[in-house]
J.: 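Take a look at the following structure, please.
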Amino acid sequence: GAVVSQHPSRVICKSGTSVKIECRSLDFQATTMFWYRQFPKKSLMLMATSNEGSKATYEQGVEKDKFLINHASLTLSTLTVTSAHPEDSSFYICSARWSGGTYEQYFGPGTRLTVT
Amino acid sequence: AQSVTQPDIHITVSEGASLELRCNYSYGATPYLFWYVQSPGQGLQLLLKYFSGDTLVQGIKGFEAEFKRSQSSFNLRKPSVHWSDAAEYFCAVGAQNAGNMLTFGGGTRLMVKP
């Protein structure tokens with residue numbers, strides 16, 4: 001149980017275009033999902049927290065107009081990188097917290113974004 | 001604000017040897033503590049967690065961790081390392097009153113010698 005998927009696993013896009021990454025909790029309902037960014041050989045940096053049906057809460061320094069987050073259902077959150085630039089290239093990981101009340105987060109396999 | 005320190009960036013152990021990965025946290029109340037493992041290019045897998053109760057926590061893959069409040073530590077241990085344990089290990093602290101967000105340590109890369 002507690003499986004989280006991400007799609008796509010890898011994406012290459014051209015500078016100036018937008019790309020959407022999906023995060024799904026496959027076998028549980030997630031009232032809260034989190035989006036992280038991980039640079040090579042670095043730890044995870046929390047970008048934003050999204051609660052189903054409400055606006056995401058962004059961490060300091062993360063541009064909310066550039067990284068659009070939608071959490072439309074209890075099993076799906078999306079991250080859209082708008083007008084992507086090469087510096088947005090990174091590994092993006094989502095996690096989901098079970099709405100049943102425990103505190104651990106279950107992580108997706110990550111999405112490698114490369115902007116050319 | 002909470003913080004997590006993993007003092008060892010890299011650790012190399014021989015296969016079959018014991019392992020201890022250090023984790024120190026800073027948090028004003030009783031923390032929720034986690035250890036995750038990440039293989040290259042993959043997401044994170046939860047190894048074990050501490051919320052309350054017994055301070056020695058058993059996890060998957062033969063790992064255990066001990067919560068020591070007096071030392072603000074939550075070190076991960078394994079008595080006998082396997083080559084497949086080579087990966088990046090992250091300690092994290094969670095705060096109930098902050099939307100359950102996790103703060104991660106910098107990670108420790110474990111390499112296993114044959």
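All of these numbers come straight from a predicted model, not from anything done at the bench.
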J.: Is it the case that more than 12 heavy atoms not belonging to Arg77(B) sit under 6.0 Å from its CZ atom?
T.: yes
J.: Count the heavy atoms belonging to other residues, nucleotides or ligands that lie under 6.0 Å from CD1 of Ile60(B), then report whether that count exceeds 12.
T.: yes
J.: Using non-hydrogen atoms and a 4.5 Å limit, figure out which bit of Phe104(B) sits close to chain A: side chain, backbone, both or neither.
T.: both
J.: Please check if atom NZ in Lys55(A) has more than 12 non-hydrogen atoms from other residues, nucleotides or ligands closer than 6.0 Å.
T.: no
J.: Report yes or no: do Val11(A) and Phe67(A) belong to one cluster of Ile/Leu/Val/Met/Phe/Trp/Tyr joined by side chain heavy-atom distances under 4.5 Å?
T.: yes
J.: Where does Leu46(B) contact chain A at under 4.5 Å (heavy atoms): side chain, backbone, both or neither?
T.: side chain
J.: Need one label for Gln38(A): side chain, backbone, both or neither, based on atoms under 4.5 Å from any heavy atom in chain B.
T.: side chain
J.: Might you point out which heavy atoms bring Phe91(A) and Gln38(B) nearest each other, and give the distance in Å?
T.: CE2-NE2, 3.9 Å
J.: Report, as yes or no, whether the 6.0 Å neighbourhood of atom NE2 on His85(A) holds more than 12 heavy atoms from other residues, nucleotides or ligands.
T.: yes
J.: Does some side-chain heavy atom of Phe34(B) sit less than 4.5 Å from a side-chain heavy atom of Gln105(A)?
T.: no
J.: Can you tell me if Ser43(A) uses its side chain to pair, donor with acceptor, with the backbone of Gly105(B) under 3.5 Å?
T.: yes
J.: With heavy-atom distances below 4.5 Å as the criterion, would you say the side chains of Leu102(B) and Leu44(A) are in contact?
T.: no
J.: Can you get from Phe74(B) to Leu19(B) by hopping between Ile, Leu, Val, Met, Phe, Trp and Tyr side chains that sit under 4.5 Å apart?
T.: yes
